[in-house]
Amino acid sequence: MRSITEFALDRDRATIMLLLLIVVGGIASWSGLPRAEDPGYTVHTAVVVTGLPGASSREVADLLTDPLEEAIRQIPEVDWVESESSSGRSVIFVHLFEHVRGDLQPFWDHLRRRVADVAWTLPEGTLGPRVDDEFGDVFGTVLALVSDEASPALLESLAGQIRDELLALDDVSRVELVGVRARRVHLEYDEARLARFGVSPMQLRTYLEAQNVILPAGEIYIGPERLVVDVGGGLDRIEALRAMVVRLPGRTGLLRLGDLVTIRRGVAEPPRTMMRAFGERAVGIAVSMRPEGDILELGARIRALLPLLRERLLPGGVRLEVVAFQPEDVREKTSMFEINLLQSVGLVLVVLLVALGLRTGLVVASLIPATILGTFLLMRVAGIGIDQVSLASLIIALGMLVDASIVVSESIMVSTAGGADPRGAAVQAGREHRFSLLAAALIVSAAFLPIYLARSSTGEYTGAIFEVVSTSLLVSWLLAFTVTPLLAVRFLRPRAADG
């Protein structure tokens, strides 16, 4: 049975073509690999937020947190739960076991169902509970509409338009507005006036709640068609509120609500969130990237869109500023790692040339760039991006990439120095060392296998070390028994002839 080395020597043009394909494909893959500061990993935490206005922290713990925690702990995938009970607010952090992998949405849906089962038992007036399973989203880009001249309403309206423009970009997952005030309808009353009509504020509130209900009014079936009956009753306009008739207890006359209270639109007071940027009032626009996106490409699209937004949407006195821009940090860090990688390659090449001599050193050293480019090609196929972990993995593997090539080339040199035919020496070297060097590569890869198999966030974060190191070592082994013998036969000379 012919060995891989014999095939490479007999089909030398195919071998050279394979090398060219690896180089060209690696260069193309390098430019197309997604960039990120860190590899993505799954956040196993969700937050359950519940409110009970007016309740003390002890009441919140007894009435909200304890029953919710008891139901949540019954979910088999939940590892542990921590909670914070403060005045009027309960926050529960739900942590799944780290060995739970894949799509977590079914587990979060299970959590929502459990919480919904408990919700009807909570005290009247409870707000929520609300399950937030996007707790781990990272907003790498934060913009701010800044102005002390424009009204807050104008800033919020402009921020909404910019959000729509950003959501249309590729790789954008979410866009959140920061510092936007919640809309409210305010009913302002004079207690003396209400007292003259014999009604208290609480009675008025109860009456309004009883009026603003949505109940099914029935359905009418006409043959195959179904008509839904809607009798109205919802208070969806300021005018409807002002014109609503109020029946006062003990009085035969009717009054409009607008005669009892002053009704106006407004915002929640005091505001729950506020934002200031560059010393001025601002509304923030936070952009989150989808998990498989390229943050550098997204950053370029946002940078290209900003001048258009400023020109088309912003009036005088309103500025659109960049508060945080992670793509620049990612570009800087990946550039630093790329420089470190190139420096490491350069140092290895110098050592090889000094230790092995010019001819042997060039033959062995030529496979380092080819191996790295082949690794980039396979990373593109496997969906592994460029980040701190993958680049560090290449640096870790760099010193081991030349081992197989050194052994093969030295074996060929020794055999040809003893009078053997160069081609026969190359074939013999391939047969003698292919399995032992493959075993050595697999043993080195196995040293990083526990990191990859660790069923934890740490294993998920650093798993690329095993993938990149193993891929680069296997590419190195393949080239060592195909390209190295071909180059050795053509360019190396026996040591006896070197002097």
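This chain uses plain numbering: 1 for the first residue, then up along the sequence. Note that these values count all heavy atoms, side chains included, but never hydrogens, waters or copies made by symmetry.
By the 4.5 Å heavy-atom criterion applied to side chains, L145 and L314 are counted as neighbours. Using a 4.5 Å heavy-atom cutoff, the side chains of R89 and V60 are not in contact. Looking only at side-chain heavy atoms (C-beta outward), R281 and S147 stay at 4.5 Å or farther from each other. With contacts defined as side-chain heavy-atom distances shorter than 4.5 Å, the pair V468/I465 does not qualify. Counting only heavy atoms from C-beta outward, the side chains of L9 and T5 approach each other to under 4.5 Å. The closest side-chain heavy-atom distance from F376 to I384 is not below 4.5 Å. T50 places none of its side-chain heavy atoms less than 4.5 Å from the side chain of R130. Residues V47 and V91 meet the side-chain proximity criterion, which asks for heavy atoms closer than 4.5 Å.
Heavy-atom contacts from other residues, nucleotides or ligands closer than 6.0 Å to OH of Y452 number 12 or fewer. For CD of E332, the number of neighbouring non-hydrogen atoms (other residues, nucleotides, ligands) closer than 6.0 Å is 12 at most. Crowding of R312 atom CZ: a count of heavy atoms from other residues, nucleotides or ligands under 6.0 Å exceeding 12. Annotation for F435: atom CZ does not count as buried by contact number, only 12 or fewer foreign heavy atoms lying within 6.0 Å. At most 12 non-hydrogen atoms from other residues, nucleotides or ligands lie less than 6.0 angstrom from CZ of R331.
In this structure, W108 and A46 approach most closely via the heavy-atom pair CZ3-CB, 3.4 Å. Closest approach of D170 and R301 over heavy atoms only: O-NH1, 3.6 Å. Scanning all heavy atoms of the two residues, the minimum distance from A144 to A277 falls at CB-CB, 4.1 Å. Nearest heavy atoms, A441 versus L473: O-CD1, 3.8 Å. Contact between A71 and V118 at its shortest, heavy atoms only, is CB-CG2, 3.4 Å. P422 approaches I412 most closely through the heavy-atom pair O-CG2, 4.5 Å.
The distance from the CG atom of D171 to the CE atom of M289 is 6.5 Å, given to the nearest 0.5 Å. The structure places CD1 of I72 at 10.0 Å from CZ of R114, a figure rounded to the nearest 0.5 Å. With rounding to the nearest 0.5 Å, the separation of CZ in F466 from CD1 in I451 is 10.0 Å. To the nearest 0.5 angstrom, R380 atom CZ is 12.5 Å from L378 atom CG. Interatomic distance, S288 OG to L298 CG, rounded to the nearest 0.5 Å: 9.5 Å. Atom CD1 in I75 sits 10.5 Å away from atom CZ in F107 (nearest 0.5 Å).
Side chain of S390 to main chain of G385: a donor-acceptor pair is present (N/O by atom type, distance under 3.5 Å, no hydrogens or angles). At distances below 3.5 Å, at least one donor-acceptor pair connects side-chain atoms of S415 with backbone N or O atoms of S411. At distances below 3.5 Å, at least one donor-acceptor pair connects side-chain atoms of T15 with backbone N or O atoms of A8. A distance-only check finds no donor-acceptor pair linking the side chain of W30 to the backbone of G25 [under 3.5 Å]. A donor-acceptor contact shorter than 3.5 Å links the side chain of R276 to the backbone of G279. The backbone N or O of I406 lies less than 3.5 Å from a partner atom in the side chain of S409, making a donor-acceptor pair. At least one donor-acceptor pair closer than 3.5 Å links the side chain of H44 to the backbone N or O of V100.
A salt bridge does not link D79 with R73: every distance from a Lys NZ or Arg NE/NH1/NH2 to an Asp or Glu carboxylate oxygen is 4.0 Å or more.
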CA sep, side-chain torsions, deciding dist, call: R11, M17, side chain to side chain contact (heavy atoms under 4.5 Å, CB included): CA-CA 10 Å; R11 304 287 190 272; M17 183 60 64; over 6 Å; no
Between L373 and V24, is a side chain to side chain contact (heavy atoms under 4.5 Å, CB included) present by the stated rule, with each step listed? CA-CA 8 Å; L373 291 174; V24 174; over 6 Å; no
Run the numbers on E165 and Q161 for side-chain hydrogen bond (donor to acceptor under 3.5 Å, both in side chains), then give the verdict. CA-CA 7 Å; E165 296 284 347; Q161 297 178 52; over 6 Å; no
Go through it in stages, so that I can follow the logic: the residues are L487 and V483, the test is side chain to side chain contact (heavy atoms under 4.5 Å, CB included), and I'd like the CA-CA distance, side-chain angles, deciding distance and then a yes or no. CA-CA 6 Å; L487 296 179; V483 177; 3.8 Å; yes
List the steps, then state whether salt bridge (charged side-chain N to carboxylate O under 4.0 Å, His left out) holds for R174 with E176. CA-CA 6 Å; R174 293 174 58 199; E176 293 282 338; 2.4 Å; yes
Before giving the answer on salt bridge (charged side-chain N to carboxylate O under 4.0 Å, His left out), spell out for E280 and R319 the whole-Å C-alpha distance, their side-chain angles and the decisive distance to 0.1 Å. CA-CA 11 Å; E280 300 179 69; R319 308 192 315 275; 2.9 Å; yes
Residue pair R431, E6: steps toward the side chain to side chain contact (heavy atoms under 4.5 Å, CB included) verdict: CA-CA 9 Å; R431 287 177 175 173; E6 288 181 275; 2.8 Å; yes
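Using bins of under 30°, 30° to 60° and over 60° for the plane-to-plane angle, the ring pair H95/F93 lands in the parallel bin.
Between the side chains of T471 and T375, not a single donor N or O lies within less than 3.5 Å of an accepting N or O. Counting only N and O atoms by type, the side chains of E69 and S83 include a donor and acceptor under 3.5 Å apart. No side-chain donor-acceptor contact under 3.5 Å links Q74 and E70. S90 and T65 are linked by a side-chain donor-acceptor pair at a separation below 3.5 angstrom, with hydrogens and angles left out of the test.
Checked against I285 for a side-chain contact (heavy atoms from CB on, under 4.5 Å), the options L166, L158, V323 give a single hit: L166.
Under the ring pair (Phe, Tyr, Trp, His ring centres under 6.0 Å) criterion, F448 pairs with no residue at all, not counting sequence neighbours.
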